[in-house]
Chemist: 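Dropping a structure here in structure tokens format, bear with me for questions.
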Amino acid sequence: MPELPDVEVFRQYAEATALHKTIRSVHVHEPDLLESISRQQLAQRLNALHFADTGRHGKYLFLKTAKRWTLVLHFGMTGYLAYTQSQAKVPSPARMTIDFANGYHLAYVCQRKLGVIDLTDDPEGYIREKGLGPDPLAEGFSPERFVDRLKPRRGFLKSALMNQKILAGIGNVYSDEILFQTGFHPRTAVADLDKADVKDLFRVMQEIIDTSVGARAQPDKLPPNYLTRRRKAGRPCPRCGGQIERTQVAGRTAYYCTRHQKKR
DNA sequence: CCTATAGCCTGACGGC
DNA sequence: TGCCGTCAGGCTATAG
């Protein structure tokens with residue numbers, strides 16, 4: 001599920017619920033999700049601290065304590081956060097629960113166990129080690145930089161948009177939305193784009209991300225002419241009346257309009 | 001550099 | 001109703 005807009009909503013949620021509350025205990029229920037730390041060490045290092053700030057890069061969420069450590073969360077395909085008052089309301093597939101001194105709990109839920117839990121003392125370094133590209137919402141990201149990052153690419157546009165090393169945060173659904181709104185076929189070759197095309201992609205991408213975050217990443221709250229709400233083969237295109245079809249691109253299912261989305 | 005494939009996990013869905 | 005295959009908004013490793 002979670003792509004950049006979803007994780008940004010999670011970040012805002014954590015910001016509004018889990019900051020400045022003393023951590024009383026940390027329980028990892030599924031140690032397989034821990035990337036480079038034991039559950040004991042994680043619990044020990046976070047114990048008695050509080051989260052003081054949040055951050056996000058692409059699909060990674062950072063919960064920063066006021067001291068040395070930052071909790072790193074990735075949500076895989078099915079992850080989310082739940083801040084609850086009672087233990088009974090913690091969703092059952094929770095893979096980690098953080099108990100605060102105020103009696104509340106922050107649960108990290110990850111049904112399919114495709115996410116990651118880690119601790120770092122250097123979030124910037126963590127991002128660098130992963131080889132993540134720039135975040136589309138970051139200050140320094142510009143149309144020119146996007147052009148530079150796409151220039152050496154030989155493959156399909158959809159694959160490039162989803163490649164976290166080129167650009168961090170776009171997944172299957174939002175890559176389809178960007179292509180839909182810019183009118184490019186998902187198998188458009190990156191090499192066939194000119195600068196104006198990439199700048200157009202940049203502008204539309206920013207707008208889609210802003211709109212989606214504004215809609216709290218809920219598909220039914222997106223504008224009616226978004227593909228995301230009509231992501232099914234055989235449906236009419238909400239923009240041109242053409243037809244939505246599905247295809248495979250680099251192993252992923254892509255939905256697109258056969259009438260207004262064209263290759264270059 | 002690229003693509004396709006398989007694998008990691010679990011639950012929902014449709015067809016029989 | 002129950003079983004079974006397929007599919008799902010992520011990512012990695014491998015082979016070609």
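Quick note: numbers below take in every heavy atom, side chains included, and nothing from hydrogens, waters or symmetry partners.
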Chemist: Distance check: side-chain N/O of A/T78 vs OP1/OP2 of B/dC9, anything under 4.0 Å?
Modeler: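 It does not, given that no N or O in the side chain of A/T78 lies less than 4.0 Å from OP1 or OP2 of B/dC9.
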Chemist: How long is the gap from CD on A/Q87 to OG1 on A/T97, to the nearest 0.5 Å?
Modeler: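 So the CD of A/Q87 and the OG1 of A/T97 are separated by 6.0 Å.
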Chemist: With sequence neighbours left out, which residue pairs that include part of residues 180-189 of chain A fulfil the side chain to side chain donor-acceptor pair (under 3.5 Å) condition?
Modeler: A/E177-A/Q181, A/R187-A/T247
Chemist: Which residues pass the ring pair (Phe, Tyr, Trp, His ring centres under 6.0 Å) test with A/F141, sequence neighbours left out?
Modeler: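 A/F141 satisfies ring pair (Phe, Tyr, Trp, His ring centres under 6.0 Å) with A/F146, A/F202 only.
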Chemist: What's the CG-P distance between A/L114 and B/dA6, to the nearest Å?
Modeler: 18 Å
Chemist: Could you give the CZ-to-C1' distance, from A/F75 to B/dC9, as a whole number of Å?
Modeler: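 So the two atoms are 18 Å apart, to the nearest Å.
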Chemist: Please give, in whole Å, the distance from C/dA8 C1' to A/D176 CG?
Modeler: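 Spelled out: CG on A/D176 to C1' on C/dA8 is 13 Å.
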Chemist: Contact between A/H57 and A/Y126 at the side-chain level, heavy atoms closer than 4.5 Å - yes or no?
Modeler: no
Chemist: Look up atom CD1 in A/I209 and atom CD in A/Q206, then write down how far apart they are to the nearest 0.5 Å.
Modeler: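 Answer rounded to 0.5 Å: 6.0 Å.
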Chemist: Using a heavy-atom cut-off of under 4.0 Å over every strand shown, decide if A/R187 touches base, sugar-phosphate, or nothing.
Modeler: nothing
Chemist: In residues 256-264 of chain A, what residues come within less than 4.0 Å of DNA chain B, judged by heavy atoms?
Modeler: none
Chemist: Does a donor on one side chain sit under 3.5 Å from an acceptor on the other, for A/R112 and A/T78?
Modeler: no
Chemist: How long is the straight-line distance from CG of A/L63 back to CD of A/E15, given to the nearest 0.5 Å?
Modeler: 9.5 Å
Chemist: Can you give me the N/O atom pairs linking the protein to nucleotides 1-4 of chain B at distances under 3.5 Å, or say none if there are none?
Modeler:
residue	atom	partner	partner atom	Å
B/dC2	OP1	A/R153	NE	3.0
B/dC2	OP1	A/R153	NH1	2.6
B/dC2	OP2	A/R153	NH1	2.1
B/dC2	OP2	A/R153	NH2	3.3
B/dT3	OP1	A/F156	N	3.1
B/dA4	OP2	A/A250	N	3.0

Chemist: A/Q164 has an atom CD; how far is it from atom C1' of C/dT12, in whole Å?
Modeler: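 Distance, rounded to whole Å: 13 Å.
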Chemist: Would you indicate, yes or no, if C/dG9 has its OP1 or OP2 atom less than 4.0 angstrom from a side-chain nitrogen or oxygen of A/R229?
Modeler: no
Chemist: Distance check, P atoms only: B/dG11 and C/dT12, in whole angstrom units.
Modeler: 24 Å
Chemist: Rounded to whole Å, please give me the gap between CZ in A/R252 and C1' in C/dC11.
Modeler: 9 Å
Chemist: Go through DNA chain C and write down every stem, that is, every run of at least three consecutive Watson-Crick or G-U wobble pairs with distances under 3.5 Å, as range with range.
Modeler: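 Detected stem regions: B:2-8 with C:10-16, B:10-16 with C:2-8.
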Chemist: Rounded to the nearest 0.5 Å, how far apart are NZ of A/K195 and CG of A/D200?
Modeler: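 A/K195 atom NZ to A/D200 atom CG measures 15.5 Å (nearest 0.5 Å).
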Chemist: Taking the six-membered ring for Trp and the full ring for Phe, Tyr or His, determine whether the centres of A/Y83 and A/Y104 are under 6.0 Å apart.
Modeler: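 Judged by ring-centre distance (under 6.0 Å), A/Y83 and A/Y104 do meet the cut-off.
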Chemist: For A/R128, is there an ion pair with A/E124 - N to carboxylate O distance below 4.0 angstrom?
Modeler: no
Chemist: Considering just the side-chain nitrogens and oxygens of A/H74, establish if one lies under 4.0 Å of OP1 or OP2 belonging to C/dG10.
Modeler: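 Checking A/H74 against C/dG10: no side-chain N or O falls below 4.0 Å of OP1 or OP2.
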Chemist: Within the structure provided, determine whether A/L81 and A/L73 are in side-chain contact (heavy-atom separation under 4.5 Å).
Modeler: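 Yes, side chains in contact.
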Chemist: Less than 4.5 Å apart, side chain to side chain, heavy atoms only: is that true for A/L4 and A/Y174?
Modeler: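 Not in contact.
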Chemist: Once you round it to whole Å, what is the distance between P of C/dG9 and CG of A/L161?
Modeler: 16 Å
Chemist: Test A/Y60 against every option in A/L132, A/D135, A/V7 by the side-chain contact (heavy atoms from CB on, under 4.5 Å) rule and name the one that passes.
Modeler: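 Between A/Y60 and the candidates, side-chain contact (heavy atoms from CB on, under 4.5 Å) is satisfied uniquely by A/L132.
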Chemist: Say we look at B/dC1 and C/dG10: how far apart would their P atoms be, to the nearest angstrom?
Modeler: 23 Å
Chemist: Can you tell me how far C1' of C/dA13 sits from NZ of A/K165, to the nearest Å?
Modeler: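 These atoms are roughly 11 Å apart.
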Chemist: Classify the nucleic acid contact of A/T253 as base, sugar-phosphate or nothing, counting any heavy atom under 4.0 Å across all strands shown.
Modeler: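 Sugar-phosphate, backbone atoms only, no base.
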Chemist: Between protein and nucleotides 10-14 of chain B, what N or O pairs are separated by less than 3.5 Å?
Modeler:
residue	atom	partner	partner atom	Å
B/dT10	OP1	A/K113	NZ	2.9

Chemist: Is any side-chain heavy atom of A/F100 closer than 4.5 Å to a side-chain heavy atom of A/I23?
Modeler: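 The answer is yes, as the side chains (C-beta and beyond) meet within the 4.5 Å cut-off.
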Chemist: Does A/L157 form a side-chain contact (heavy atoms from CB on, under 4.5 Å) with A/R264? I'd like the steps, not just the answer.
Modeler: CA-CA 11 Å; A/L157 181 53; A/R264 261 296 132 81; over 6 Å; no
Chemist: Just how far, in rounded Å, is P of C/dG9 from CZ of A/R230?
Modeler: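 In whole Å, C/dG9 P and A/R230 CZ are 18 Å from each other.
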